[in-house]
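Numbered from 1 within each chain, the chains take letters A, B, ... in sequence-line order.
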Amino acid sequence: MKTKKIQVIAEQIDTLVTLFHGLRSKPTDDHLSNDQFIRYTMEDLSEAELRKADEHLRSCLECTAKMEHLLEESTAWSGTHENKRLDALEKRCVFPQDIHEENETSPVPPGLKALLGGFMEKECSYTSLVHAVIQNHYLAEMGIPDEFIVLVAQVLQSHSDQAILEEVTVAEKEEQVLLGAQLAESLRIESPKEVFTRFSESFKCAKWEISPEEAGFVATNAECRFRDVFRKLGAVSPCEICCLNLMEGVAKAVKPGSEFSVEATLWRETKCRVKVA
Amino acid sequence: MSDSVTPPTDVYIQAIFDKPGRNWSQEECKTICGWLLEKRKREYLLKLVLLQLGVEKTAEDAEDILGDFLATIHLVIDSYDPGKGRRFWNYLIICFERFCHRRCKAIREKYRHEEPLIKAIGTEENEFIEMEIVDSSPNSDPEKALAHKEFIKALNSCIKNMLPKYRNVFQLRDVDGLSMMEIAARLSISVPNAKVRLFRARKMLAKCLQKMGWEV
């Protein structure tokens, strides 16, 4: 590597010494707010606001690190690629034609329709769909509508026809394990038992019953709306991707190290039976 | 979120926001998505996600999250109640912060065990700088001259360990005396970026000098 020599005179050194002496060792004021960070990068602050932000940044390594990251990453949205990115984003929020029509009597609210559109287009996972369902107050009261289950069945069947169901199930399982804690928090689940009871209450798709066992408990279920709809449509089994993997992710999030064994499913037997220890 | 965030000015959108009740139509939701995709607002939201993501994650992750938010906007809007007296833009930002907090947490978790992404340093000149003293006044105090020499030696050694992007901006500003605008133009970066790099460079050097026993 080259070395460039720069000549400095005594006055310059004095200035540098004064400069370093003048630096504060601790940050002045509170850290910048998100709004200040963003408006600083957008050069949107008033003169007084800018002076105040600069004053803080001069003394705060933490905020300058965040600010620098923001400034450098945001260049990804400038220049020639910006319009392409904007187009791509717009496409993502334009809803597919088949669910676009407004239907006053439809039990599926428009927000969920939009998400289902994303799911059908393979732009959003089943797991994120479920997360969105949980956030929706309407669904919290009404449970999952049949129309939702029908669309999920169609998508999973299409995955099966394209021989990608296995791959999708594995990817979903990874996401379900990853987001287990988040789901537990949203549904206020604190123990593996509550996974079954809260799922029954919230989604109104099954009625799980719990029987204590020596080293844990067994959960059984004899009715499932997913099973009924999927069977009627001649679709593939929904057990793993739509229910069991999701519950396993949450159970292991609330009690790490717990064992979750599926002994039977309603798809093949007369009852679902899951042993948790 | 601060109240200083500019509320929407478009009359049509404002009418949507202030409408009581929860019956948001598909058209209205699309209008809001369109509004959020306007350059300035989109930039604001994307940057908000980037802040939530933390320092190793990229703009692409942020873009994905904004895309998902636009897709789920109906769900968010359903719970908006103007009766609670909150401006819609502020309300939306709060929802978005919550939404991206959840998504960002999952992304951070996913990448937890991976090495941080190596960032491109840019196209700056990749060379060391070394300062040498030119004795401009022959009658100067020998003690002071020695102190200067020691200081420059320590400073050179600290500068050597800095990334070029910080080294360059420090040299251009604090040694060559260029203005921030000139530095930004020369390095093809924005003025805020040049300033932030300078602040960081100074703090890093001060810390390094302190480690070497200099009182700064």
Side-chain angles (χ1 to χ4, degrees), chain A residues 1-10 12-13 16-17 19-21 23 33-35 37-38 40-43 54 57-58 61 64-74 76-77 85-86 89-90 92-93 95 100 102 109-112 114-115 118 124 128 132 135-138 178-179 182, chain B residues 1-2 4-5 25-26 29 33 37 40 42-44 46-48 50-51 55 58-59 63 66-68 70-72 74-75 78-79 102 105-106 109-110 126-134 136-137 140 148 151-152 155 171 174-175 190 192-193 195-197 199-200 202-203 205-206 209 216:
Chain A
M1 203 170 290
K2 286 187 292 177
T3 301
K4 182 177 160 192
K5 300 262 184 195
I6 299 171
Q7 296 189 326
V8 287
I9 56 171
Q12 273 178 297
I13 301 169
L16 283 173
V17 172
L19 172 82
F20 287 120
H21 273 298
L23 290 179
S33 67
N34 281 352
D35 191 41
F37 269 110
I38 296 165
Y40 189 93
T41 65
M42 292 168 84
E43 298 182 48
D54 276 342
L57 287 169
R58 257 186 211 106
L61 262 179
T64 49
K66 272 173 92 174
M67 187 69 88
E68 194 185 7
H69 167 68
L70 191 58
L71 282 158
E72 293 188 355
E73 283 302 328
S74 43
W77 303 309
R85 284 169 174 268
L86 183 59
L89 262 181
E90 270 171 350
R92 287 185 66 179
C93 76
F95 319 116
H100 193 170
E102 200 70 51
L112 190 54
L115 266 179
C124 101
S128 50
Q135 303 304 320
N136 188 280
H137 301 301
Y138 171 89
L178 199 67
L179 297 181
Q182 202 177 310
Chain B
M1 179 59 51
S2 140
S4 57
V5 177
S25 76
Q26 190 97 343
C29 292
C33 286
L37 278 169
R40 296 287 284 177
R42 180 174 53 117
E43 205 180 323
Y44 188 98
L46 284 165
K47 285 178 176 175
L48 194 58
L50 215 48
L51 281 171
V55 289
T58 63
E63 208 169 80
L66 178 58
D68 284 357
L70 291 172
T72 55
H74 296 64
L75 302 178
D78 273 351
S79 57
R102 285 199 305 272
K105 206 171 150 192
E109 189 67 20
K110 192 172 171 184
N126 210 1
E127 61 182 3
F128 287 130
I129 57 164
E130 200 173 278
M131 285 181 255
E132 54 182 18
I133 307 166
V134 185
S136 56
S137 57
S140 62
H148 277 171
F151 176 77
I152 287 297
L155 190 58
Q171 181 212 324
D174 291 337
V175 183
S190 65
N193 203 351
K195 270 201 288 186
V196 168
R197 283 189 193 181
F199 297 153
R200 283 180 69 69
R202 285 175 180 168
K203 285 292 277 185
L205 287 174
L209 287 168
V216 290

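Under a 3.5 Å cut-off, the side chain of B/Arg200 and the backbone N or O of A/Leu61 do form a donor-acceptor pair. Remark: the backbone N or O of B/Val175 is paired with a side-chain donor or acceptor of A/Gln12 at under 3.5 angstrom.
If you tally non-hydrogen atom pairs under 4.5 Å between each of A/Thr64, A/Leu16, A/Thr41 and chain B, the highest count goes to A/Thr64.
Scanning both residues, A/Leu71 and B/Val196, for their nearest heavy atoms gives CD1-CG2, 3.9 Å. When all heavy atoms of A/Tyr40 and B/Pro192 are compared, the pair lying nearest together is CE2-CB, 3.7 Å.
Across A/Met67, A/Glu68, A/Arg58, a single residue satisfies side-chain contact (heavy atoms from CB on, under 4.5 Å) together with B/Phe199, and that is A/Arg58.
With rounding to the nearest 0.5 angstrom, the CZ atom of B/Arg202 is 7.0 Å from the CG atom of A/Leu23. Atoms CD1 and CZ, on A/Ile38 and B/Arg40 in that order, are 11.5 Å from each other to the nearest 0.5 Å. Atoms OH and CG, on B/Tyr44 and A/Asn34 in that order, are 7.0 Å from each other to the nearest 0.5 Å. With rounding to the nearest 0.5 angstrom, the CG atom of B/Leu51 is 5.5 Å from the NZ atom of A/Lys66. The line from CD of A/Glu72 to CG of B/Leu50 is 11.0 Å long, rounded to the nearest 0.5 Å.
Considering only residues two or more places apart in sequence or on other chains, B/Glu43 meets the side-chain hydrogen bond (donor to acceptor under 3.5 Å, both in side chains) condition with B/Lys39, B/Lys47.
Residue contact with chain B, scored on non-hydrogen atoms closer than 4.5 Å, involves the side chain of A/Gln182 exclusively. With a 4.5 Å cut-off on non-hydrogen atoms, B/Lys195 touches chain A through its side chain but not through its backbone. With a 4.5 Å cut-off on non-hydrogen atoms, B/Ile152 touches chain A through its side chain but not through its backbone. Residue A/Leu179 touches chain B through its side chain alone, counting heavy-atom pairs closer than 4.5 Å. When heavy atoms are compared at a cutoff of 4.5 Å, A/Leu57 approaches chain B by way of both its backbone and its side chain.
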